[in-house]
Amino acid sequence: VTATCTVNGREHRLEPGETVARLLERLELGGRFALVERNGEAVERAAYGEVELAPGDDLVVARPVAGG
Amino acid sequence: MTNDLLTIAGREFRSRLITGTGKYASFEAMRDAVAESGCELVTVAVRRIDLDARGGGEDITDYLPEDLLLLPNTAGCETADEAVRVARLARAGGLPDWVKLEVIPDPRYLLPDPVETLRAAEQLVADGFTVLPYMLPDPVLARRLEEVGCATVMPLAAPIGTGRGLKLRDAIGIMIEQAGVPVVVDAGLGSPSHAADAMEMGADAVLVNTAIAHADYPVAMARAFRLAVEAGRTARLAGVMAEGEIARPSSPTVGLVTQP
C-alpha cells in the first residue's frame, strides 16, 4: 500500500520521511514564496525542512499572485 | 514639505500612492507601471499554485523589486475565519505580516462585510498583524477598527473596478476629519483627477489598480497618478482657497486706462 496525501486536492505519493521542503522540491515549486498549509494550519517557512508529512495529510500550496 | 512622509504602523513611505498588481496584460507591463508609479507598497493576492504548470507557472515576485513592501490581500474571502486563514498562511510562508483585509460576500458590488471585517481585524491584530482594512466609508466603523488596532482605514470611493470616483465623498470627508490613523482611499478611483481630489480632501494616501492597469498606456497612466497624488497632497498642505459666492476681480479696480 502506497502512502498518499493530497496537495491542492490532488493525490500525492509520499516518499518515506518526506518533509514539506522535499515536497516543494519534488513539485519543483522553489519560488521566492511557496506558502504551505497542512490540515488547515499554516506551516512556518523555517520549519519546512523539519515538518514530515503523514499519510492522509491535506496540504494547500499557495503563493502570491497579481491582485488589487 | 520635502519631509512629508506617510507613516503607517511606524514605517515611513515617501510615496502616497499604493498600487495593486492585478489586471495587467503581462507581468512586464505591471513591473514597468509599478516602477513608474513610484509606489513603495503593492498589493498581491494569495492563491493555490497550479500544479499543472511547470514550476507552478510564472512567479509575480520575480517582477517586483525586493525593496517594495508586499501587501498580501485577503480577496476572495467571504468570512472573518477565511481572511484570518489566508493572512496566517501568507505570513507563515515568509510574506510580510501586513495584510490588506478584505471580507467581501457580495460579488455584484464587491462591498465589504463590516461585521466580519471588524471580527477579522480584531483577531489579526491580536495575532500581531499590521492590518489595513478595506471598508465602506462609515466613520463609526472606522472608529471601531481603529480601536481594535488597525494601522489604517481604507474606505472605498466607489465599487472596485468601476472607476466612478469619489461617489461616497461626504462620508470619506467625515472619516478624514475624525481618523487617528491614515485614511487610504481604496477602490473606485478612475482617473488622476479623482486621486488629486481625494488628496486635496485630506486623504493620507490612495490605492489604485484598475485605472492604471486598464489604461491604454499603463506606464503613462502610472506617472499621471503619481503626479496627481503629489499635486493633491501638495495642494492640501498649501491650503486650498475658500470658495466664494460672487466674483472677486484679480486685477486692480482703480487706475483704469479707460477711466474718465
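Letters go in sequence order (proteins before strands), and every chain restarts at 1. The model shown is predicted, which means the values in this text are computed figures rather than measured ones.
Shortest non-hydrogen contact noted between A:Pro64 and B:Val44 is CB-CG2, 3.9 Å. Nearest approach of A:Val43 to B:Ala92, heavy atoms of both residues: O-CB, 3.4 Å.
In B:Glu66, the CD atom is not crowded: 12 or fewer heavy atoms of neighbouring residues, nucleotides or ligands sit closer than 6.0 Å. Annotation: B:Arg164, atom CZ; neighbour count of heavy atoms from other residues, nucleotides and ligands within 6.0 Å does not exceed 12.
Rounded to the nearest 0.5 angstrom, B:Ile49 CD1 and A:Leu35 CG are separated by 7.0 Å. Remark: A:Arg38 CZ to B:Leu89 CG distance equals 14.5 Å, nearest 0.5 Å. How far CG of A:Leu29 is from CG of B:Asp59: 10.0 Å, rounded to the nearest 0.5 Å. Here the straight-line distance linking atom CZ of B:Arg48 with atom CD of A:Glu37 works out to 8.0 Å at 0.5 Å rounding.
Contact count against chain A (heavy-atom pairs under 4.5 Å) is highest for B:Gly94 among B:Gly94, B:Ala75, B:Gly161, B:Gly20. With chain A as the partner, the residue from B:Asp62, B:Ile18, B:Asp52 showing the most heavy-atom pairs under 4.5 Å is B:Asp52.
The contact list for residues 13-21 of chain A toward chain B, using heavy atoms and a distance under 4.5 Å, is empty.
Only the side chain of B:Leu70 has a heavy atom closer than 4.5 Å to any heavy atom of chain A. Both the backbone and the side chain of A:Val61 come within less than 4.5 Å of a heavy atom in chain B. Using a 4.5 Å cut-off between heavy atoms, A:Val36 contacts chain B through its backbone alone, with no side-chain atom that close. With a 4.5 Å cut-off on non-hydrogen atoms, B:Glu58 touches chain A through its backbone but not through its side chain.
Not a single donor-acceptor pair under 3.5 Å links the side chain of A:Asn8 to the backbone N or O of B:Leu51.
Judged as a ring-ring contact (aromatic ring centres under 6.0 Å, His included), and not counting sequence neighbours, A:Tyr48 has no contacts.
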Next item on the list: Mind running side-chain contact (heavy atoms from CB on, under 4.5 Å) on A:Arg63 and B:Arg47 for me, showing each step along the way?
Entry: CA-CA 6 Å; A:Arg63 72 170 173 198; B:Arg47 290 291 180 272; over 6 Å; no
